[in-house]
**Q** 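So that we are looking at the same thing, I have put the structure below in structure tokens.
A note on names: the letters A, B, ... follow the listed sequences, proteins ahead of strands, and every chain is numbered from 1. Everything numeric in this text was worked out from a predicted model, so none of it was measured.
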There are 2 protein chains.
Amino acid sequence: MSALMDRLMDRFPALRDLECEARRVLEDGARPATLAAGTQLFLDGDPCTAFTLILDGAVRVQKVSESGRRIVLYRVEPGQTCVLTTNALMAAIPYGAEGLAETDLAVAIVPHGTFQRLLAGSDVFRRFVFSAYATRISDLLLLIEEVAFARIDARLAHLLLTRADDSGEVRATHHALATELGSAREVISRQLKEFERQGWVSAARGRVLVRDGAALARLHQGGDGAR
Amino acid sequence: MSALMDRLMDRFPALRDLECEARRVLEDGARPATLAAGTQLFLDGDPCTAFTLILDGAVRVQKVSESGRRIVLYRVEPGQTCVLTTNALMAAIPYGAEGLAETDLAVAIVPHGTFQRLLAGSDVFRRFVFSAYATRISDLLLLIEEVAFARIDARLAHLLLTRADDSGEVRATHHALATELGSAREVISRQLKEFERQGWVSAARGRVLVRDGAALARLHQGGDGAR
DNA sequence: TGACGATCAGTAACTAAGTCACAGTTCCAC
DNA sequence: GTGGAACTGTGACTTAGTTACTGATCGTCA
């Protein structure tokens, strides 16, 4: 087995069950590639030409408004695929958002034709794609709920908790946090100042230290009363 | 062929291509049912037990916040299926929103087992389900973009345009329009007052008459400058 | 090493949107 | 026609996003 297939099987356990024939199709078609951090993988409106499986690194998929504000829809990490890609390939529609390499990437590129053949020929591959769909839709629903109903302080608190490392540190600028939430930098700055005033976090250029995770969690759980 | 299958083929042309065997499975499994307007088909958190195909009528799928605000995610109309149902069935997760019969419904209910058998055995059925997925994901992305970035006046203008009948009339209360947009009744009332002041619409209890569709369209197209 | 540009953060004043607490209006059923 | 329910209007207030700045910090390169 090729080195690429080895890594694929490692990252995507579901593909280990691939039928003989399908495995051969994948092995023939898939091509490895590496991409530098910061690379734009696709833009909103781009056509989609290949199915990409992430082996290492992370892709951020975000929607950009006319005025330049952004909101992160989801991240694609090793072992995951990008619904938008699947979507774009299957329905032959352009991408609905932009994809950005957040770190250096190692990927396996499956050309359109191979993708279609796998979809037509392999139960396992189809299940794999379907289940990726299901997960993302749930994520998108949660996102809609958050954006439509949740207060920005609760959303920020949640974001800080999920992004904090073991020592409670979050490495991100106010601008990056705003992008993540689809909000504006100034809003995040204000909220962080308030959190700091409460003693819940301490902030420094480019990073935020979570001091009282429990307080942030309370905020997120609507202890404050959701809108 | 049974009357139910007749109507299914009529509403879902894609199913006409169903393979012989698959068609028999569907015919054996599908059961007709009717539901009165206002029936709750499922609630957020409910488990999903069957795949439902809408023959006549419309289902509104909406997310409800803790505080009771609602936002319409999408409508399921004749010839469409509900992604959440597919989602819930395939990944065995509960529904992520609530479904409400907006009108009297005629549906075909396909039990879980039949659905799984069709998915496993029929290319046509799989393609049918996949393409429904693809469409909805695009819709949900647009919704996220709207909610996150668009101004409420532009969104309301758009809503009025899409819901107006030939004579420009929209039959809906301010409350209903607010629910549609995930906003609040008072906000809609104020906006409508403003639209009325501009001479773009005229309002009466339970309905809005679009007088200057072009002006509303301009607003929606960000002629006002999106946020 | 210090000057410069770039990135990052703070702030005030303003607009837009959502919330709260009402009051007034219209409709329908009895 | 009366009472209650549904619908609409309004003002005061809070929260969030926008605009237009200023100041702080960093890396770099002459």
**Q** Which residue lies toward the 5' end of DNA chain C, A:Glu196 or B:Gly182, if each is placed at its nearest nucleotide?
**A** A:Glu196

**Q** Identify which nucleotide among C:dA17, D:dC7, D:dG17 has an atom closest to any side-chain atom of B:Thr173, counting heavy atoms from C-beta outward.
**A** D:dC7

**Q** Any side-chain N or O of B:Ser183 less than 4.0 Å from the OP1 or OP2 oxygen of C:dG18?
**A**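 For B:Ser183, the contact criterion (side-chain N or O under 4.0 Å from OP1 or OP2 of C:dG18) is met.
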
**Q** Between P on D:dC26 and CZ on A:Arg207, what's the gap in Å once rounded to a whole number?
**A** 10 Å

**Q** Rounded to the nearest Å, what distance is computed from the CZ atom of residue B:Phe195 to the P atom of nucleotide C:dA16?
**A**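 Distance check: B:Phe195 CZ to C:dA16 P gives 13 Å.
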
**Q** Do the charged groups of B:Asp139 and B:Arg136 touch, with an N to O distance under 4.0 Å?
**A**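 Yes.
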
**Q** Write down the distance between CG (B:Leu219) and C1' (C:dA16), rounded to a whole number of angstrom.
**A**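 These atoms are roughly 13 Å apart.
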
**Q** May I ask you to verify if any side-chain N or O of B:Arg155 is less than 4.0 angstrom from the OP1 or OP2 atom of C:dA17?
**A**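 Result: no.
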
**Q** Give one of base, sugar-phosphate or nothing for B:Ala204, where a contact means two heavy atoms less than 4.0 Å apart.
**A**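 Sugar-phosphate: the residue B:Ala204, judged by heavy atoms under 4.0 Å, touches backbone atoms but no base.
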
**Q** Between atom CD1 in A:Ile152 and atom C1' in D:dG17, what is the gap in whole Å?
**A**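 Going from CD1 in A:Ile152 over to C1' in D:dG17 covers 10 Å.
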
**Q** Just the rounded figure in Å: distance from P of D:dA16 to CG of A:Asp153.
**A**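 Interatomic distance, CG of A:Asp153 to P of D:dA16: 6 Å.
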
**Q** Of all the nucleotides listed (C:dA16, D:dA16, D:dT18), which has the minimum atom distance to the side chain of A:Arg69?
**A** D:dT18

**Q** Check whether any side-chain N or O of A:Gln191 sits under 4.0 Å from OP1 or OP2 of D:dT15, and answer yes or no.
**A**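 Negative; the distance criterion is not met.
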
**Q** Rounded to whole Å, how long is the line connecting atom CD of B:Glu194 with atom C1' of D:dG9?
**A** 15 Å

**Q** Please answer whether the main-chain N or O of A:Gly79 pairs with a side-chain N or O of A:Arg11 as donor and acceptor at a distance below 3.5 Å.
**A**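 Absent.
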
**Q** Rounded to the nearest Å, what distance is computed from the NE2 atom of residue A:His175 to the C1' atom of nucleotide C:dG10?
**A**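 In whole Å, C:dG10 C1' and A:His175 NE2 are 16 Å from each other.
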
**Q** What's the closest nucleotide to the A:Arg185 side chain, out of D:dT10, D:dG17, C:dA9?
**A** C:dA9

**Q** Counting side-chain heavy atoms from C-beta on, which of C:dT19, C:dA17, C:dC27 comes nearest to B:Arg205?
**A** C:dC27

**Q** Expressed as a whole number of angstroms, how long is the span from A:Glu186:CD to D:dT18:C1'?
**A**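 In whole Å, D:dT18 C1' and A:Glu186 CD are 7 Å from each other.
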
**Q** Answer yes or no: does a side-chain N or O of B:His174 lie under 4.0 Å from OP1 or OP2 of D:dA6?
**A** no

**Q** Can you tell which of C:dG18, C:dT11, D:dT18 lies closest to the side chain of B:Val187?
**A**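 Output: C:dG18.
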
**Q** Identify all side-chain donor-acceptor contacts of residues 88-100 of chain A below 3.5 Å with residues at least two apart in sequence or on another chain.
**A**
| residue | atom | partner | partner atom | Å |
| --- | --- | --- | --- | --- |
| A:Tyr95 | OH | A:Thr85 | OG1 | 3.2 |
| A:Glu98 | OE2 | A:Gln62 | NE2 | 2.9 |
| A:Glu98 | OE2 | A:Arg70 | NH1 | 3.2 |

**Q** Return the CE to CG distance between A:Met9 and A:Leu4, rounded to the nearest 0.5 Å.
**A** 9.0 Å

**Q** Is it true that B:Glu145 and A:Arg69 make a salt bridge, defined as a side-chain N closer than 4.0 Å to a carboxylate O?
**A**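 Judged by the 4.0 Å cut-off on N to carboxylate O distance, B:Glu145 and A:Arg69 do not form a salt bridge.
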
**Q** On the nucleotide D:dT15, are OP1 or OP2 found under 4.0 Å from the side-chain N or O atoms that A:Arg190 carries?
**A** no

